[in-house]
**Student:** 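Dumping the structure here so I can ask a few things about it.
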Amino acid sequence: MTSTKITNQKIAKLFDEIALYLRAENVQFKPQAYEIAAENIISLEEELSDSYKKCGKKCIDEIPGIGKSMVEKIEELVQTGRLKYYDDLKKKYPFDMLALTSIQDIGPKTALTLFKKLKIKTIDDLLSAAEKGSIAKIPSMGVKTQRNVLRGIQFLKASSGRRIIHQVLPLAQNIVKKLQNISGVTHIDIAGSLRRKKETIGDIDLLATTTNPKQLIKTFTSLPEVEQVLEVGPKKAMVRYTFGMQGDILILKPSEYGAALIHFTGSKEHNILLREFAIKKKMKLSEHGLVHGKKIIAAKTEKQVYTALGLQEIPPEIRVGADEIKLAQKHKIPELIPYDSLKGDLQVQTDWSDGDSSIEEMALAAKNYRLSYIAITDHTQSLTITNGLNEKRLLEQGKEIDKLNKKLKNFRVLKSTECDIKKDGSLDLSDRALKTLDVVSVSVHSNRKMEKNAMTERIIKAMKHPFVHIFFHPSGRIVNIRDGYEIEMDKIIKAAKEYHVALEVNGSERLDLHEKYIRQAVELGVKLVINSDCHTQTHFTNLDFGIGQARRGWATKADVLNTKTVDAFLKAIKK
DNA sequence: GCCGTTTTCGGCCCGACTGTTTTCAGTCG
């Protein structure tokens, strides 16, 4: 055994790189198998090294897209930290395949040619070769290719990778708003990963129909947000925005809009499965429509295309290329929780701890956001950095809430807390204090580096506490910022069921729970709440991101307790 | 290399665009 711990990230990256080498060698079918495996590994929440420790090869083999050969490779990686198959490829092709192919217009074959002809191994090698003009001298390449390479390197150096959806969606919606009022525009939609509500977004894809394409393209490319126009044609344009992302717009025929929407919404894996499914039904699906023989049978709307395939319409959030098509065939896709269906928010911080507004200000902001109740969940005493509440202040806060509730019409403020779970699993407030509250929520903020079993035990102990109703941001992660603590989420979900504790889907930049565990919880009948975790009046918009996350985890309205009225909610959390 | 409601063997997504070609390979979404 080795001390090197190999992460899923690393394994997926290795598989992606193997796929590229195989593509360069023109190997058929295998590259895709490695890519699918890599994609599936990335979306796992649990580390493969842990799964392997827990139940060996069996757990690995269950992952879709991973068969006998890849199980062995993962085993080798987990045990030794190395993979001979990969090392051999690397000996044969000692250049940075991943880096080179991250440049636009350079794929595996071009990268291999560059290595063979010019001994180019890195992006720096490539840059100096392009500047010297030696790329244009390679047969099959020319001056234009060389110029594109330089442009691609520039772009790569300037771009900052994938951003969390919270930052991107408002920008995209703002752009859509500016475009939809242009004369002639009949449809304009966000597609791609943004429409699927993925946690992080790489670029902004827009689709449109219009009777005046010229005008739309002109406006799109001259928006104040546009820093540089990268490409412009009669039906397509690509730009770079001032906020450092790339975006494009495609103008489509209204008669093909649905098929195109499916195609450009993705995911790629979903599209592949959908097309394979069409083939089995003796049909052919492309962005232009669903074709049988030479006849287009469906294209105008997404629903028509799915229906013509004999499938239930599949919501964008679950188009991931897993089991959604199989279930759509059996009409077993549940109605996912609708946006705008939350009536309350159970995690709201105020200026009593680390929020920036008063209880009343937060209540009015929530009311304005069409909510009818919120729970005030300021931190507790051991979180001194947030000015957490001790028992005395909590009781004072309760009095203030009582006063406020008398004043407010058609709105209720619940007395609550985000009570810290201490290292030993005990709570940061006494039972006497907790008893005065309408809702008791708990979470972990300290001693994050505990060993997995101990952390799991610590949390389960807190969940067992008879007064506890909700466990906040269960994994402790923040997207793009930090991973969660080590925890056995399966056990936490089972404990939630056993002790009647709801799990939070946190809509802030935590996006915690992960969609895999949301689905697992839903399947087990564990109840969820979706919260904004807002610390300021404008952040109730986080609720929508929470709903998006819950939808990606196949949650329905019935699974989410704060879709209920306040009285029904309070009744539902009772132990 | 994976997978199975036509299959444990024989399949494996589709079309547009670009740049380099003189009929197409490579990349992308």
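Just so it is clear, the structure is predicted and the values come from calculations on it, not from any experiment.
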**Student:** Between A:F95 and A:Y93, how do the two ring planes meet: parallel, tilted or perpendicular, split at 30° and 60°?
**Tutor:**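 Plane angle over 60°, so perpendicular.
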**Student:** Could you tell me which residues satisfy ring-ring contact (aromatic ring centres under 6.0 Å, His included) with A:F264, sequence neighbours excluded, listed by chain and number?
**Tutor:** none
**Student:** So with a 6.0 Å cut-off around NZ of A:K452, is the heavy-atom count from everything else above 12?
**Tutor:** yes
**Student:** Could you check whether A:H514 and A:R519, counting side-chain N and O atoms only, form a donor-acceptor pair closer than 3.5 Å?
**Tutor:** no
**Student:** Atom CG of A:N271 to atom C1' of B:dG15: distance rounded to whole Å?
**Tutor:** 12 Å
**Student:** Run the salt bridge (charged side-chain N to carboxylate O under 4.0 Å, His left out) test against A:K235 and tell me which residues pass, sequence neighbours left out.
**Tutor:**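 By the salt bridge (charged side-chain N to carboxylate O under 4.0 Å, His left out) rule, A:K235 matches no residue at all.
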**Student:** Measure from CG on A:L290 to C1' on B:dC13 and round the result to the nearest Å.
**Tutor:** 13 Å
**Student:** Can you list, by residue number, the residues of residues 64-73 of chain A that have a non-hydrogen atom closer than 4.0 angstrom to DNA chain B?
**Tutor:**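 A:P64, A:G65, A:I66, A:G67, A:K68, A:S69, A:M70, A:K73 - these, ordered by number, are the residues of the stretch whose heavy atoms sit under 4.0 Å from the strand.
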**Student:** Calculate the interatomic distance between A:I60 atom CD1 and B:dC2 atom C1'; express it in whole Å.
**Tutor:** 16 Å
**Student:** Given the ring of A:F115, does A:K119 sit roughly above its face, with NZ or CZ under 6.0 Å from the centre of the six-membered ring and within 45° of the axis?
**Tutor:** yes
**Student:** Heavy-atom count check: over 12 atoms from other residues, nucleotides or ligands less than 6.0 Å from A:K90 NZ?
**Tutor:** yes
**Student:** Grab the two heavy atoms, one from A:F220 and one from A:D248, that are nearest each other, plus how far apart they are.
**Tutor:** CZ-C, 3.8 Å
**Student:** Which of parallel (below 30°), tilted (30 to 60°) and perpendicular (above 60°) describes A:Y306 and A:H270?
**Tutor:**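 Correct class here is tilted.
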**Student:** At under 4.0 Å between heavy atoms, how does the protein contact nucleotides 20-29 of chain B? Give one character per nucleotide, 5' to 3', with B, S or -.
**Tutor:** SS----SSSB
**Student:** Which residues pass the salt bridge (charged side-chain N to carboxylate O under 4.0 Å, His left out) test with A:E47, not counting sequence neighbours?
**Tutor:**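 Scan of A:E47 (salt bridge (charged side-chain N to carboxylate O under 4.0 Å, His left out), adjacent residues dropped) gives none.
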**Student:** What pairs of nitrogen or oxygen atoms, one from the protein and one from nucleotides 6-11 of chain B, lie under 3.5 Å apart?
**Tutor:**
from  : atom 1 : to     : atom 2 : distance (Å)
B:dT6 : O4     : A:K282 : NZ     : 2.6

**Student:** Using purine N1 to pyrimidine N3 plus N6-O4 or O6-N4 for Watson-Crick, or N1-O2 and O6-N3 for G-U wobble, each under 3.5 Å, what pairs with B:dT18?
**Tutor:**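 The answer is B:dA25, by the H-bond criterion.
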